Every structure is written in C-alpha cells, then in structure tokens.
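See structure below.
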Amino acid sequence: MQSSIVAMVLAGGQGTRLGVLTDDIAKPAVPFGGKYRIIDFALSNCVNSGIYKVGVLTQYKPHKLNAHIGIGRPWDLDRKGGGVTVLQPYTYESGKAWFKGTADALYENLDYLDKTNPKYVLVLSGDHIYGMDYMDMLTFHISKHAKASCACMNVPLNETYRFGIMVTDISKRIVEFQEKPQHAKSTLASLGIYIFNWDYLREALIQDAKDESSSHDFGKDIIPKMVEDKDDLYAFEYEGYWRDVGTIYSYWESNLELIQSIPQLNLYNDSWRFYTRTEEMPPAFFGKESVCTNSLVSEGCEIHGVLNKSILFQGVQVGKGSIIKDSIILTGVKIGDGVEISNAVIAENSEIGSGTRIGVGDFAENEENPGVYNSQISVIGYNTNIPENAIIGKNCVIHSDVNQDSTDNWHVQSGRCIR
Amino acid sequence: MKVLGLIFAGGRGENLGLLTTKRASAALPVAGKYRMIDFTMSNMVASDIRRVGVLTQYSPRSLIDHLGSGKEWDLDRKHGGLALLQPYMAINNKYWYRGTGDAIHQNMTFLRRSDEDYVLMASGDHIYSFNYSDMFNYHFSKGADVTFLYKELDDTYNLSEYGQIETDEDGRVIQFVEKPSENVSNKAFLGIYFLNKHLLMDLLYNTIPQSEGYDILLDVLIPNLNKLRFYAYKFDGYWRNTKKGVDEYFKINMDLLNDEIRKQLFYTGNTVHTKLKDLPSPKCTGTAHVENSIVSDGCIISGRVINSIVSRGVQIKAGAVVENSIIMQDTVIEEGAHVKYSIFDKECNIRTEKRLIGRKDDLLVFEKGSVI
C-alpha cells in the first residue's frame, strides 16, 4: 500500500507573519523545538507512515531548506528507488517560471508524478507541526471509495473564522466548504492535508491550469471546485496535536508547550521518532552557577546563568548571572554575562552583549508592522550583534545583521524597530 | 600519501570489571553520548584517513552495532571506508587473535589489497583530540622508519602503568621499557604508531610465524629498535587511556566538567562523530536542579544533578539526588533516590528512596539492567 502513494510536500511559502524569522529562510526551514526545523515533522510523518517517495516543492529562499534536506539521509530518504526529490521552479521555452500557487506547483511537476506513477498522491504542507499516520488516512480514503480525502480537525467554534471549514454529511462526505467563515456551519477545519487518486488529480490539475480565473491553489480552487461538482470528497477526522505556527505568538507558544510535563506533542515516542539534520555537538553542559527549570537545553549549550520556561537550541552560550525566561533562543546564540531576557525570540548566531536587557517596559504597538508584531514578544533577527548594556523593550524588532553601529540609541523603546 | 588506519578494539580491558563484562573497552560509553572508539575514529577521519580497519575480538556486538556501516564517520565508501576485522576460522588458521601483531598478521590480505602505503595504528579506548598529520610530517622530516606518539606525563598519572621511552636530542628513540618497576622517563608511549605499510608487512612476515610472542610492540617492533630508525613525536594535549581501570574511567568522565578539557576535546579540535539516536533535547522540569553536569539528549530531569555525567534517555525523577556519578543510557532514577559516587551502566532502575552512597576511592558500579 505504501509504495502506491507519493507525498508532495509544499515548502515554498514565506510565512510572512513570522516576520524576521523568515527574512532569509522559508517557513518550513524555521527552527522548532530545540533541534528541529518545521519541515522535519512532515518528512518524519512520511517515513514513519512508510512513505518513501517524497517530493518537496520549494520556491521562497530555498537554500537553507535544500541544505537541510540534502539527499534525505536523516529521514532514511536516501533511497535507490524513490527517496526525497527537491522540486524547484524552472523555466522552459516560453519562459514561464515561478509557481503561481500550490496547485500550479504540482501541475508544473506533472512529469515527476507521471514518472513516479503512483495510485495516490498525498499533498501536505511543510509548515505544520504534528505527528500523524497517513496510512490511517489512506485506509479511510480507500474504504470510502473517495476520489479525494481531506484531513480535518474539530476546532473551537470561536476559532472557525481562521480556517477552511468542511461541512459533511453522515458518511463524512463533504457537502459544503466555507473559507474562513464568519458564521461557520461546522467546526471541522481543513488541515491542508489531502489524499487524491492520481488519475483524478491529474485531470483536475490540467483543468485548473487552463482556468484563467483560478488562483491555482488547493484550498481556494481545487477543493471548492470538487465540492461544487459534488465529487467524492471525504473528511478524515484527525484527533491529536496539530499546529500551524503561522504567527510569532503561536510560534513562541507552541515551542513553550514542549516544556509542559506531558506535552501534547510527544517527542519521546520510540515508534514515532522525529528526525532532523543537526550539527554534531557534545551534550549540554550546566555550570556550577546554573539554575535551570522548565526548559529544553540542546546539545552544545554551555549554561552558566538562570533559565526558566525557555527553549535553547544547539550551541547556545549563556554567561554568568544572566536570566532568561519565557524565551526561544535559536542555534549558536551567544549571551554574555548579566543579561536579562524575557518574552523574546532570538534568531540564529546572534550575540547579546553583557548587561543587556530585553523585554522590559510596557507594551506598545509596533511602529513598523503591527499586523505581524502584535504581542509582548520581541524578536531579534539572524546574525545580529547587540552591544553591551543595551535596553530593548517589548514588541520590538531587531532586524537580521544589525550590529552595534546600526543605531546610536540602544535604549530601544517598546514597539520600536532597528534595521 | 595515503594512510591506512588500524584500530585495536579487541580487548576487554580487564581492569574495568563489570563495565566490560558484555562489551569491549572500545565500546564503553563516555561523556554522555559517545563511546570510547569515537575519538580515535574521528581523529582518523579528520586526518584524511579514508580506510579504517577495526580489529575486534572480545564481545564485539555493541561495538559493531555502534560502528554500523561507518556512515557517521563518512566511512561508508565504495573505495576504502570501514572494515571490521574479526577473528575467523580457515583451513590454515584455527586461532583467535593471539596478540596485536597476530591480529594484523591474520588480516594481511586487508593490508595487501589496500592501496595505501602507510599505516597508522592506534588503540580504540583512548580519549584525545589530535590531527595525526602533524605526526606524519614529523615522520618524513626525520626520515624515520617508525614514529611513536608520546606524552610527558605529570603526576596525575601513575607512570609505572605506562610503557616509557627514552630519546636522544634528535628525538630518536633509544630505549623502550614496558611498565618498569623503576621509572626510566616520564615520556609515556601512547600506543600510536606510524610506519610504512610494506615495512610493517615485512616485519610481520618475518616474526609472527616463528614467534613465541604476538605483540606488535614488544615482539615485532621493539626487537628492531637498533636496526631501524624509531622516532617519537610529542603530544601535548589531553590524553587518557580508559583501560587503566574504573577509577581512570571515572576520572575521564569527570574531567569533561572542566571547561578547558571540554573545549579541547569538542570545540577547538576535530568534530567528534558518533552514532546518532534522534532523541529530543533534554528537558529540565520545574523541580529540576542541574549543577556542574553534562546532560544528553532525550533526558528528563526533575531531580537534583550535581557534578555528574548523564547519558541519553535518562530520567531523574522529582526528589532524586544524583551527585558525582555517571548515569548511562536509559537508566531511571526514581523519586527520592539518592546516589553518590556511583556508576550506573545502561538501563538500570534505581527504585524510590534507595540510597546508594559510594566514596571517591570506593566507587559503586552497577551492571547493565540492574534493578535496585
């Protein structure tokens, strides 16, 4: 059964609402949970489900993602037959280039799919955090004699406006689709995980490509058209952990959920391991003056300060007397002595000078992009260099590659941005 | 110039007692996530050695499982790569490896067929970070036939447990004494040799078949000390041999809590590769207290951990206290247990409220799978 299905992972999105975190990398490459990147969850789910033919569709700033996936070795996807194939946009005689939407991305790779010649195609997003056995969904799909199935999850009624909502009949057949509705008729939200019969999908993609009014998107065009045409589309109900870490706040919150004593996302399950590619580093070291509670501390870390409710990725150094709470510190960040950080996300390879305080003062609306930066959380971009004794307020943004010469005033008020 | 690596990993390390009942000393877990052999393997690949033979004999299962195809060291190769050389039976051979020299002699085909012209021989149970290229350059600049690696030992070592060499002003070895009752020099030979492969093969062909002894050093090389040019290259970094005993093994692990030593072994030198386990980052819960300790992936710490080395997948529950101890993979220390100066092998279970207090000079050692 597994060899008759190919997974297509959509990994080309920018994830604009993650702000500076996706300045240089696509959303699926954003680090998560101490040592992973977001796409690790979709890829691990594939191999744990026994799916070893995986196409990864990239577009937005793919370098980190390409390097991360490589030939797929960490996921056992370096295979003679199948394995992982990174599918990037390409040009042909008429000069056409970028993927116009998720459906177009698959349409442009019809050759790849024809050559693989699957019976079923699993379409996934590389942006989501969850552990799901796709074989359960395929079994459901086959048992319903469906042309397509869509994984759905019940969400609270007051959150239905954020999702595509599926209305089903008693046999789980989808009879109506509401995109981000004000008045939802159901609480079944689409998770953006689809299984199609390949012969059906192939035809639908060709028709969609011809349709000039279409935005060539699965959620906006292909699925609504199926519902409209009353094709056999079924809702597979998934119960379990699933997160779209689409915003800075949800990114921060989902990371911190991992420090609960029994987190909903089980990273410790021997039979459902999440794989990733990481630097090889020695285990974490805790110094004589370290105090560490409710935190994850990854390999290569050297901790001499105080941590509470924080996630530290690989190779983070925390100096003496520093206090870090409610924060996400990504790989290779060096924090000096006597630093105080609260409610912050600090991106890779940044250096925070001694005596600096981050996350102080009162909340203020962000001056640059209040749509993206709208919580207490301050975000420090990649490869920044914050000088000693700086003060950075709440809801601030320090863009990537900022150094001490980028501004004269390192008393950054809440809501301010430094470029 | 291409160099073939040979690693001696067949010994038990009798002084290690319970820790090596079911594994060779080269497979002994160390520093939280590593096994002893990782250091020599990683040093070799960092020195551009692309073909490595590992000589195994005593209880090799865990070692073989650990090394696998050699892919963690980039040694899963079409050309070269990792070769596990185990004792075998043949029509003209009915012996186990009778010594290190015999072990190589029995694998002469491996030497003959490899296209490397030089051989680096090293032990699989030493911990150090070194790029052997410096030693190769020294060998050629001195026009040596055989080059030894040595270290001047300070008084934290028991000198009489080591083979000692004396050199002339040029660095040429003029005397070698194995573990003398009276020390002749503080220059300890580290069991690491570099020489021409064809010379090694000649020496083995000429000695092993007629010999009473089968040791590469004492029976094959040293008898030629005056005939050939033996030189010694000095190693200045951190180096320890775990075979010396349980106390030495404990000291090695505790040494890793020292910033300088940790830096030298892991951050300034070669990357140390090991088998990956794909475990999540360790978690400290609300009741955790971790002080001067190393904690590996997959651990969940709710108790107090002080001056200890904690391997992968260990659970230390609330109210448990772990002091000055080594906790190997997947061991569970239950609520309220108190352990001190103890070494727990893999998969031990220390039950609630149990007290296991050793002393620095009288360590408690618990076998794999102990339930206490």
Side-chain angles (χ1 to χ4, degrees), chain A residues 32-36 40 44 73-76 78 255 258-263 265-270 272-304 307-317 331, chain B residues 30-34 38 42 71-74 76 256-259 261-263 265-267 270-302 304-315 317-318 330:
Chain A
F32 186 87
K35 62 188 292 193
Y36 307 96
D40 291 338
S44 301
R73 191 136 113 172
W75 303 269
D76 260 354
D78 53 329
N255 268 290
L258 292 172
I259 61 182
Q260 294 166 356
S261 51
I262 302 176
L265 175 67
N266 185 358
L267 299 173
Y268 298 86
N269 185 350
D270 275 339
W272 207 270
R273 193 67 83 211
F274 294 106
Y275 303 96
T276 187
R277 180 189 301 273
T278 54
E279 291 266 325
E280 288 178 84
M281 290 190 174
F285 173 75
F286 296 81
K288 290 196 173 82
E289 290 154 53
S290 81
V291 179
C292 173
T293 47
N294 290 317
S295 296
L296 294 191
V297 179
S298 305
E299 290 183 338
C301 286
E302 303 258 323
I303 310 299
H304 298 284
L307 308 178
N308 188 22
K309 293 190 185 146
S310 293
I311 309 278
L312 272 61
F313 285 65
Q314 283 193 316
V316 173
Q317 296 176 12
T331 305
Chain B
V30 67
K33 68 182 277 202
Y34 301 99
D38 293 341
S42 301
K71 85 172 178 186
E72 307 297 352
W73 296 267
D74 260 348
D76 54 333
L256 294 165
L257 299 176
N258 176 307
D259 288 348
I261 293 172
R262 204 168 57 251
K263 206 181 212 177
L265 284 174
F266 297 117
Y267 294 108
N270 314 320
T271 303
V272 187
H273 307 281
T274 189
K275 186 182 173 188
L276 295 179
K277 286 273 199 247
D278 299 295
L279 292 164
S281 302
K283 175 155 77 176
C284 296
T285 69
T287 53
H289 176 91
V290 185
E291 188 182 312
N292 196 34
S293 296
I294 283 175
V295 181
S296 313
D297 276 0
C299 290
I300 302 178
I301 311 291
S302 304
R304 291 175 72 81
V305 180
I306 299 161
N307 305 334
S308 295
I309 308 289
V310 184
S311 291
R312 296 190 277 208
V314 167
Q315 291 182 48
K317 304 216 168 149
D330 296 330

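First the proteins, then the strands, lettered A, B, ... as listed; each starts at 1. Heavy atoms only: backbone and side chains are in, while hydrogens, waters and symmetry mates are out. Because the structure is predicted, anything quoted here is derived from the model rather than measured.
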Side chains of B:K283 and A:P263 in contact at under 4.5 Å (non-hydrogen atoms): yes
For the student: nearest non-hydrogen atoms of A:P282 and B:Y34, plus distance: CA-OH, 3.2 Å
Portion of A:L258 that has a non-hydrogen atom of chain B nearer than 4.5 angstrom: backbone
Considering all heavy atoms, the nearest B:S281-A:L296 contact: O-CD2, 3.8 Å
Heavy-atom donor-acceptor pair, B:K33 side chain to A:M281 backbone, under 3.5 Å: yes
Pick from B:N292, B:T285, B:L276 with the largest number of heavy-atom pairs that fall under 4.5 Å of chain A: B:N292
Side chain / backbone / both / neither for B:T274 at chain A, heavy atoms under 4.5 Å: backbone
Side chain, backbone, both or neither of A:F313 within contact of chain B (heavy atoms, under 4.5 Å): neither
Shortest non-hydrogen contact from A:S298 toward B:P282: CA-CD, 4.4 Å
Interatomic distance, B:S42 atom OG to A:E280 atom CD [nearest 0.5 angstrom]: 7.5 Å
Residue selection (most heavy-atom pairs with chain A, distance under 4.5 Å) from B:G32, B:G286, B:A288: B:G286
Side chain / backbone / both / neither for B:I301 at chain A, heavy atoms under 4.5 Å: neither
Top of A:Y275, A:F274, A:Y268 for chain B proximity - count of heavy-atom pairs under 4.5 angstrom: A:Y268
Part of B:K277 lying under 4.5 Å from any heavy atom of chain A: backbone
Heavy-atom closest contact (B:P280 atom, A:Y36 atom, distance): CA-OH, 3.4 Å
Side chain, backbone, both or neither of B:V295 within contact of chain A (heavy atoms, under 4.5 Å): both
Interchain contact, B:R312 with chain A, by part (heavy-atom threshold 4.5 Å): neither
A:S261 versus chain B, the contacting section by heavy-atom distance below 4.5 Å: backbone
Interchain contact, A:T278 with chain B, by part (heavy-atom threshold 4.5 Å): neither
Close side-chain approach of A:F285 to B:D259, heavy-atom, < 4.5 Å: yes
Heavy-atom side-chain contact between A:T293 and B:C284 under 4.5 Å: no
Whether A:S290 side chain and B:V290 backbone form a donor-acceptor pair below 3.5 Å: yes
Which of A:T276, A:V297, A:L312 touches chain B most, by non-hydrogen pairs under 4.5 Å: A:V297
Salt-bridge contact A:D78-B:K71 (side-chain N to carboxylate O under 4.0 Å): no
Chain B interface, residue from A:E302, A:K309, A:Q314, A:H304 that has the most non-hydrogen pairs under 4.5 Å: A:E302
Heavy-atom contact with chain A under 4.5 Å, split by part of B:N307: neither
Proximal component of A:Q260, with respect to chain B [non-hydrogen, under 4.5 Å]: backbone
Test item: A:K35 side-chain N/O and B:D297 main-chain N/O as donor-acceptor pair under 3.5 Å: no
Residue, of B:E291, B:H289, B:E72, that accumulates the most heavy atom pairs under 4.5 Å with chain A: B:E291
Toward chain A, the part of B:T271 with a non-hydrogen atom under 4.5 Å: side chain
Flag, side chain of A:R273 to backbone of B:L279, donor-acceptor distance under 3.5 Å: no
